[in-house]
Amino acid sequence: MTTEVIDHDDDAHLYDCLVVGGGISGCTLAHNLYASHDLDVLLCESDDRLGGNVRSVTVEDEDGSFLYEDGPNSFEASPSIMRISRELNLEDEMVFAPEGSVSPWIYHGGKVHPLPTAKGTFFGPGGMMRFILFGDLLSWRGKMRVFVGAFLGHAPPPVDGGEETIEDFAIRTLGEEAFHRIIEPIVSGVYCGDPSRLSARSTLPKFSRMEEKAYDLGWNKFGALFYGGLAIRRAESKESTRERHDEAGDPPSGLEYGRPGSYRTGLAALPNAIAAELGTARVRLRWTLTNVEKAVEGRAYVATFDTPGHDGIRQRTVRARTVILTIPAHAIRAALDKVLPGSAKLFSGERRDSAGGVSYPPVASVTLSYPKSSFRDVELADRSGSLRDLPGFGVVSTRSSGVQRTLASLFSSSHFPGRCPDGCNLLSNTIGGTRDPAVGAMSDDDLVSAVDEDLRKILLRPDAPPPKVLGVKTWPRAIPQYELGHSELIAELKRMEDANDGGGLWVCGNYRTGVSFVNCVNFGYEHAKVVAGHLSSETKMINETPSLTQPPYA
């Protein structure tokens, strides 16, 4: 195995920024550093493509054209999404879900229950009052318990300030019935985790802030959540309006932020556009990080990668003033131990059934299509239409419903145009997670059978034909779990970064910055400003210090 320094114009080159990890966080960070701050960037990725878990797939067969996602299915419309889409000339490619398709469903007691939508009229289809008066997902006792916690008050948080799980927090504030029939299935479907292990403060920080804000209101002695949420919404609305006006521009006519969106060719349009923008000069694929250390001259870093070569693995090194890692925690291993002593233990310490300090359970994405005639032709309780047309966002199930393994089924063909031929419904199903790790070892046929069996309980007619199987993708390590103790892990990581002499090294995977598509895009925009500010301060210091000007990095 040989070690080679990557050259730039035949001279040893010092990059301003080395970004390790080409998922959405790394891609958007590299884009902002290059396009907005005019910095010399190199983006390295261990896979043979950019985008990480974002994979958009098109299938053409005798029935027509199908477009589906193997990973995330959509983003929430936000100023950051609008901004980066405009910068990459993707605005005209954006598509958004119709208002009627954003309501989630919950399967319980043998039928589906559409939840109210934010835009539903009070008594009309999708309205809160219709859900309260006529919905039977919650008993009247359960509804009253939610009303008390939301509008009157609830038991106080632990007196010792101890960390609560999502289960602890939800039951304390809204009651057991609301937890088991609404919160648990939604959290399991979105995060593929176990609410009895997930930290409420780390996983759902907005709800923790909601309670804190509620108690901040002097008259709200018992912390009724509604008023804290109202205060946060008002503050966020002002901030969003300011950001929209100053940096992002207005959304398309008729669109409100928060609506599910995508691109005509799928979410992969974004990393593909960034790959084209950066070009081969600024992107390295199939490069796996093995080590980071300080350069001999200091004030810079040398990163070592395993790269493919004609005669096997070749080691290549890159020099950079700053290094930002957006790779998964388990992929870091001991790569940073020379610059962040103790990080190897931090990232590889045992955490229950995980091999790393952050748990990444296996999850499979199973994409199936059925004729619309295969679905039950029943009118939904919220008067939004027939179940056969899937006029919602997707369905999750309570644990007592008899659904065995499927965590969530998203109605892809109801969200965006052109995802499947007319007369068909396209469903993206998630199976596995913390409670079902055996999924990681199941065959594709067994995964399809398990999902099809569950769908026949929830949505399909008894005589429905077998599904058209479009894709099965198993992610051995999928969504990072923000379990109890996660905040302490992140605080220790921050302490290590702060103790790093000279700074310029950041560890920023989605286990730290948030797991959603929008979280990753927001990170890329905000952290680019942090990196640019660091480099600007460093350059100013060098220019003002005579002993560092001859030359600084020779």
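It should be emphasised that the depicted structure is a prediction, and the values quoted were computed from it without experimental measurement.
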Next item on the list: Considering non-hydrogen atoms only, spot the tightest contact between G392 and S414 and give its length.
Entry: O-CB, 3.9 Å

Next item on the list: Could you grab the distance from atom CG of L387 to atom CD of E379, nearest 0.5 Å is fine?
Entry: 10.0 Å

Next item on the list: Go through the steps to decide whether D445 and S443 satisfy the test side-chain hydrogen bond (donor to acceptor under 3.5 Å, both in side chains), and finish with yes or no.
Entry: CA-CA 5 Å; D445 288 344; S443 69; 5.4 Å; no

Item checked: Expected output: side-chain Y68 to main-chain L470 donor-acceptor under 3.5 Å -> yes

Next item on the list: Evaluate the criterion side-chain contact (heavy atoms from CB on, under 4.5 Å) for residue pair W105 and I458; output intermediate values, then yes/no.
Entry: CA-CA 11 Å; W105 298 358; I458 305 171; over 6 Å; no

Item checked: Candidates S365, S74, S412 - the one meeting side chain to side chain donor-acceptor pair (under 3.5 Å) with S428 -> S412

Margin query: I'd like to check N429 versus L455 (side-chain heavy atoms, cut-off strictly below 4.5 Å). Are they in contact?
Written below: yes

Notebook entry, point to check: Roughly how far apart are R405 CZ and D446 CG, rounded to 0.5 Å?
Noted result: 8.5 Å

Check: Hey, does the side chain of S85 reach the backbone of M82 with a donor-acceptor pair shorter than 3.5 angstrom?
Finding: no

Notebook entry, point to check: Looking at S65 and T58, what are the two nearest heavy atoms and their distance?
Noted result: OG-CG2, 4.0 Å

Notebook entry, point to check: Does any N or O in the side chain of H113 come within less than 3.5 Å of the main-chain N or O of G135, such that one atom is a donor and the other an acceptor?
Noted result: no

Margin query: On a heavy-atom basis, which atom in P480 and which in V358 lie closest, and how many Å separate them?
Written below: CB-CG1, 3.8 Å

Next item on the list: Return yes when atom CD of E176 has more than 12 non-hydrogen atoms of other residues, nucleotides or ligands closer than 6.0 Å, and no otherwise.
Entry: no

Item checked: Distance flag, aromatic centroids of F169 and F179, threshold under 6.0 Å -> no

Note to self: Measuring only between side-chain heavy atoms, which start at C-beta, is S262 closer than 4.5 Å to H415?
What the structure shows: no

Next item on the list: For S386 and D389, test the side chains for any donor-to-acceptor distance below 3.5 angstrom and give the result as yes or no.
Entry: no

Check: Given side chains that start at C-beta, do those of L270 and F517 come closer than 4.5 Å, heavy atoms only?
Finding: yes

Note to self: Using the rule given for side-chain contact (heavy atoms from CB on, under 4.5 Å), can you reason through T513 versus N519, listing the C-alpha separation, both sets of side-chain angles and the distance that settles it, and then say yes or no?
What the structure shows: CA-CA 7 Å; T513 60; N519 287 151; 5.6 Å; no

Notebook entry, point to check: Is the side chain of W475 donor-acceptor paired with the backbone N or O of D70 at a distance under 3.5 Å, no angle test?
Noted result: yes

Margin query: Suppose the criterion is side chain to side chain donor-acceptor pair (under 3.5 Å): which pairs have a residue in residues 455-471, not counting sequence neighbours?
Written below: D61-K468, D63-K468, D452-R456, R461-D463

Notebook entry, point to check: Hey, does L407 have a side-chain heavy atom less than 4.5 Å from the side chain of V363?
Noted result: no

Check: What heavy-atom pair brings L380 and P391 nearest, and what distance separates the two atoms?
Finding: CD1-CG, 3.6 Å

Item checked: Exam field: side chain T28 to backbone S25, donor-acceptor pair closer than 3.5 Å -> yes

Next item on the list: I would like to know whether F207 and I166 meet side-chain contact (heavy atoms from CB on, under 4.5 Å); could you show each step before the answer?
Entry: CA-CA 10 Å; F207 285 92; I166 292 176; over 6 Å; no

Next item on the list: Kindly check if the number of other-residue, nucleotide or ligand heavy atoms within 6.0 Å of CD (E76) is above 12?
Entry: no

Notebook entry, point to check: Can you name the nearest heavy-atom pair linking V366 to L447, along with the distance?
Noted result: CG2-CB, 4.1 Å

Notebook entry, point to check: So, S103 side chain and L115 main chain: donor-acceptor pair closer than 3.5 Å or not?
Noted result: yes

Next item on the list: Say whether, by atom type as modelled, one donor and one acceptor occur between the side chain of N220 and the main chain of A214 under 3.5 angstrom.
Entry: yes

Margin query: side-chain contact (heavy atoms from CB on, under 4.5 Å) for V395 and F411? Distances and angles first, verdict last.
Written below: CA-CA 8 Å; V395 62; F411 308 150; 4.0 Å; yes

Next item on the list: Among residues two or more places apart or on two chains, list those pairs meeting side chain to side chain donor-acceptor pair (under 3.5 Å) that have a residue in residues 138-151.
Entry: S139-E177

Check: Does the side chain of Y191 pick up a donor-acceptor pair with the side chain of T434 at under 3.5 Å?
Finding: no

Notebook entry, point to check: Are the side chain of D454 and the backbone N or O of V403 linked by a donor-acceptor pair below 3.5 Å?
Noted result: no

Notebook entry, point to check: Does I182 reach the side chain of L138, with side-chain heavy atoms less than 4.5 Å apart?
Noted result: yes

Margin query: How long is the straight-line distance from OH of Y263 back to CG of L90, given to the nearest 0.5 Å?
Written below: 5.5 Å

Notebook entry, point to check: Quick one: does R197's side chain get under 4.5 Å of Q481's, heavy atoms only?
Noted result: no

Next item on the list: Report the C-alpha distance between R399 and E167 in whole Å, list the side-chain angles of each, state the deciding distance to 0.1 Å, and finish with yes or no for salt bridge (charged side-chain N to carboxylate O under 4.0 Å, His left out).
Entry: CA-CA 14 Å; R399 297 192 73 189; E167 180 177 13; over 6 Å; no

Note to self: Please check: side-chain N/O of S199 versus main-chain N/O of T165, any donor-acceptor pairing under 3.5 Å?
What the structure shows: no

Next item on the list: Answer yes or no: is there a donor N or O on one side and an acceptor on the other, between the side chain of S374 and the main chain of A464, under 3.5 Å?
Entry: no

Checklist line | Closest heavy-atom pair and its distance - G228, L217 | finding: N-CD1, 4.5 Å

Item checked: Euclidean distance, L426 CG relative to Y370 OH, rounded to 0.5 Å -> 11.0 Å

